[in-house]
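Structure, as structure tokens:
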Amino acid sequence: LMSARRAHKPSVGYFLTLEGVDGAGKSTYAHLIADKLKSLGFEVIQTREPGGTELGEQIRQRLLSDQPLMPLAELLMFFAARSEHVERVIAPALKSGQAVVCERFIDSSYAYQGGGRSLPLDWIAHLEAMLGAPEPDLTLFFDLCPTVALERKRAHSEKGDRFEEETIDFYRRVRAIYQQRAEDKPQRIKTISTDSDPASVYRQIEAVLDQFLPTLTPSS
């Protein structure tokens, strides 16, 4: 595959998303990726979904609470938060030439609400089309065995949220959709195996970033 190379600082920013089940280490690696982008001359915004705005964070609290939600209501709440996030944070940042590093984006809705909750994927595709959000330039899919992911997540959490309390079959369905999307969109979605030590994982990340991130002239 050809890498996306640019000789000068772009007038349109770079959009990089991190996907995968909880426990795969996305938050940790997001900071390292942000540092890499800064070294290339970008101003970087780190954000997350659900969240990124005042309303988004309020929706996040509700979504992660232990109060049950119907699957469709859950999907629509994610997209409500995402709409605010895109309009108020992501799109303006990209337009101004900044890089956006976002933990989770639309792929997570296909995986969690489509795969995990078994909602029709065409419903999600319709909402995606309505939103008209920018497609990420690069997505890193942090792949991890669901059993290991849940063990890691619960080991670092005193009280699990609704998603942590789901069955292993739920997470197998989530993973299957992520894997399918990575297979269907190989130019954008790159799989990072996270079942090894952190140094090995970051070497995988660096290899992808070195190939696909823009090359920028040093700032004067």
Side-chain angles (χ1 to χ4, degrees), residues 1-5 14-40 42 44-51 64 99-112 114-116 135-215:
L1 293 173
M2 296 293 292
S3 58
R5 299 288 181 180
Y14 200 84
F15 189 17
L16 193 153
T17 58
L18 289 71
E19 295 284 358
V21 298
D22 288 327
K26 294 183 300 301
S27 297
T28 298
Y29 296 116
H31 295 288
L32 298 173
I33 292 166
D35 289 341
K36 176 76 171 182
L37 282 159
K38 289 174 185 176
S39 76
L40 294 173
F42 276 104
V44 179
I45 290 179
Q46 278 185 252
T47 189
R48 66 181 182 177
E49 288 206 346
L64 297 184
V100 177
V101 177
C102 186
E103 295 177 49
R104 302 198 183 284
F105 197 55
I106 291 173
D107 293 302
S108 65
S109 288
Y110 284 96
Y112 277 81
E135 183 175 31
D137 294 291
L138 178 65
T139 296
L140 301 181
F141 162 42
F142 291 81
D143 191 24
L144 183 63
C145 170
T147 302
V148 176
L150 283 176
E151 289 174 354
R152 288 183 185 178
K153 186 68 175 175
R154 288 168 179 168
H156 293 87
S157 174
E158 294 182 2
K159 180 181 178 181
D161 58 44
R162 289 191 307 113
F163 290 93
E164 289 177 45
E165 301 305 318
E166 291 292 345
T167 66
I168 193 65
D169 286 338
F170 173 90
Y171 283 98
R172 286 176 180 145
R173 295 193 300 272
V174 169
R175 186 192 193 192
I177 293 293
Y178 270 134
Q179 290 174 326
Q180 184 62 56
R181 287 184 68 76
E183 182 178 332
D184 292 343
K185 300 175 179 291
Q187 293 188 356
R188 173 172 69 85
I189 303 176
K190 304 300 174 184
T191 300
I192 304 294
S193 176
T194 59
D195 58 359
S196 55
D197 63 278
S200 297
V201 174
Y202 191 62
R203 282 195 293 271
Q204 294 177 65
I205 296 170
E206 279 195 312
V208 173
L209 297 184
D210 287 344
Q211 183 179 7
F212 290 95
L213 286 183
T215 297

Shortest non-hydrogen pair, Arg188 vs Asp137, comes out as CG-O, 4.4 Å
Output for pair (Leu16 CG, Glu103 CD), nearest 0.5 Å, gives 11.0 Å
Separation between CG (Leu37) and CG (Leu209), nearest 0.5 Å, reads 7.0 Å
Report task. Give the C-alpha distance, both sets of side-chain angles, the deciding distance and a yes or no for side chain to side chain contact (heavy atoms under 4.5 Å, CB included) between Gln179 and Thr191. Result -> CA-CA 8 Å; Gln179 290 174 326; Thr191 300; over 6 Å; no
Q) With no hydrogens and no angle check, do the side chains of Ser193 and Gln204 hold a donor and an acceptor under 3.5 Å apart? A) no
Q.
Do Leu40 and Leu213 make a side-chain contact, defined as non-hydrogen atoms from C-beta onward lying under 4.5 Å apart?
A. yes
One should read off an interatomic distance between Asp107 CG and Lys185 NZ, to the nearest 0.5 angstrom, of 7.5 Å
The side chain to side chain donor-acceptor pair (under 3.5 Å) partners of Tyr178 (sequence neighbours excluded) come to Glu19, Arg104
Residue set satisfying salt bridge (charged side-chain N to carboxylate O under 4.0 Å, His left out) with Arg172, at least two apart, ordered chain then number -> Asp169
In terms of heavy-atom contacts, Ala34 and Gln46 come closest through CB-OE1, 3.4 Å
So salt bridge (charged side-chain N to carboxylate O under 4.0 Å, His left out) across residues 196-206, not counting sequence neighbours, yields none
If you define the side chain from C-beta out and look only at heavy atoms, does anything of His31 sit under 4.5 Å from Val101? no
> Do Arg181 and Ile177 come within less than 4.5 Å of each other through their side chains, counting heavy atoms only?
Replying inline: yes
Just do the side chain to side chain contact (heavy atoms under 4.5 Å, CB included) check on Tyr112 and Val21 with the steps written out, would you?
CA-CA 9 Å; Tyr112 277 81; Val21 298; 3.9 Å; yes
Distance col, row Thr139:OG1 vs Ile106:CD1, nearest 0.5 angstrom, shows 10.0 Å
Rounded to the nearest 0.5 angstrom, the OG1-CD distance for Thr17 and Glu135 is 9.0 Å
CG of Leu144 to CD1 of Ile192, rounded to nearest 0.5 Å, is 13.0 Å
In terms of heavy-atom contacts, Tyr29 and Pro198 come closest through OH-CA, 3.3 Å
>> Using 30° and 60° as the class boundaries, would you call the ring planes of Tyr14 and Phe42 parallel, tilted or perpendicular?
In response: tilted
Just by distance, do the side chain of Lys190 and the backbone of Leu138 share a donor-acceptor pair under 3.5 Å?
no
